[in-house]
Amino acid sequence: MNPSPKYSWFKLADSIPELFPGGQAMSTCEVNNKKLCISLHRDVVYACVATCPHAGGKLAEGHIDALGNIVCPIHRYKFSLQNGRNTSGEGYYLKTYPVEMRPEGIFVGFEEKNLFNWLK
């Protein structure tokens with residue numbers, strides 16, 4: 001049985017309005033040397049890589065559909081915000097990151113990598 005992954009947590013912002021000025025639902029930021037797309041859907045914040053795995057479209061320039069999928073602006077490929085699965089059937093996978101809302105702000109987690117991760 002694999003143990004739960006350990007995460008290093010990085011603060012994104014103090015509040016949701018700070019992440020999404022002007023009421024937009026998506027933005028881009030750089031955290032821990034990674035460019036991320038930060039999304040807001042039904043008052044939940046999600047984080048994923050900033051570009052589509054298919055053709056490199058900037059996901060923050062796309063939109064979120066009614067089912068909570070992020071839609072790439074180039075070819076309209078859809079990905080679940082919760083788990084990164086491709087929901088439009090092309091077989092791609094979108095890297096997602098956990099987000100935690102804490103009293104001191106909004107944090108994104110990156111899985112800690114070490115020499116022994118390959119044993120999992």
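Positions are given from 1, in the same order as the sequence printed here.
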Full working for side chain to side chain contact (heavy atoms under 4.5 Å, CB included) between Met26 and Ile64: CA-CA 8 Å; Met26 292 190 287; Ile64 299 172; 4.0 Å; yes
Does Val45 form a side chain to side chain contact (heavy atoms under 4.5 Å, CB included) with Ile16? I'd like the steps, not just the answer. CA-CA 8 Å; Val45 177; Ile16 288 176; 3.9 Å; yes
For Lys35 and Val49, run side chain to side chain contact (heavy atoms under 4.5 Å, CB included): C-alpha distance rounded to whole Å, both residues' side-chain angles, the deciding distance at 0.1 Å, then the answer. CA-CA 6 Å; Lys35 200 164 197 174; Val49 293; over 6 Å; no
What's the verdict on side chain to side chain contact (heavy atoms under 4.5 Å, CB included) for Cys52 and Leu94, showing C-alpha distance, side-chain angles and the deciding distance? CA-CA 7 Å; Cys52 178; Leu94 185 69; 5.8 Å; no
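Minimum interatomic distance between Cys72 and Gly57 (heavy atoms only, all atoms of both residues): SG-CA, 4.1 Å. When all heavy atoms of Pro98 and Trp9 are compared, the pair lying nearest together is O-CZ3, 3.7 Å. Nearest approach of Ile38 to Leu19, heavy atoms of both residues: CG2-CD1, 4.0 Å. The nearest pair of heavy atoms linking Val31 to Cys29 is CG2-SG, 3.8 Å. Scanning all heavy atoms of the two residues, the minimum distance from Ile106 to Val99 falls at CG2-CG1, 3.7 Å. Summarising the geometry of Glu61 relative to Pro73, their closest heavy-atom pair is O-CB, 3.7 Å, with the distance given to 0.1 Å.
Atoms CZ and CD, on Arg76 and Glu90 in that order, are 12.5 Å from each other to the nearest 0.5 Å. Rounding to the nearest 0.5 Å gives a distance of 11.0 Å between CG of Leu59 and CG of Leu36. Taking CD of Glu18 as the start and CG of Leu12 as the end, the distance is 9.5 Å to the nearest 0.5 Å. Atom NE2 of His54 and atom NE2 of His75 lie 5.5 Å apart (nearest 0.5 Å). Of the inter-residue distances, the one linking Ser8 atom OG with Glu112 atom CD reads 3.5 Å to the nearest 0.5 angstrom.
Residues Met101 and Phe110 share a hydrophobic cluster, clusters being chains of Ile/Leu/Val/Met/Phe/Trp/Tyr side chains in contact below 4.5 Å. Note: the hydrophobic cluster containing Ile74 does not contain Phe79 (ILVMFWY, side chain heavy atoms under 4.5 Å, direct or indirect links).
Ring pair Tyr77/Tyr92 is tilted by interplanar angle, where 30° to 60° counts as tilted.
The number of heavy-atom neighbours closer than 6.0 Å to CZ of Arg102, taken from other residues, nucleotides and ligands shown, is above 12. By the neighbour-count criterion of 12 heavy atoms within 6.0 Å, atom NZ of Lys11 is densely surrounded, having more than that number from other residues, nucleotides or ligands. Remark: Asp43 CG is loosely packed, at most 12 non-hydrogen atoms of other residues, nucleotides or ligands lying under 6.0 Å away.
For the residue pair Gln82 and Tyr46, a side-chain donor N or O sits within less than 3.5 Å of a side-chain acceptor on the partner.
In this structure, Phe107 has its ring center at least 6.0 angstrom away from the ring center of Phe10.
For the pair Lys95 and Tyr97, the distance from NZ or CZ to the six-membered ring centre is under 6.0 Å and the angle to the ring normal is within 45 degrees.
When each of Ile70, Val71, Thr87 is checked for a side chain to side chain contact (heavy atoms under 4.5 Å, CB included) with Asp65, only Val71 meets the rule.
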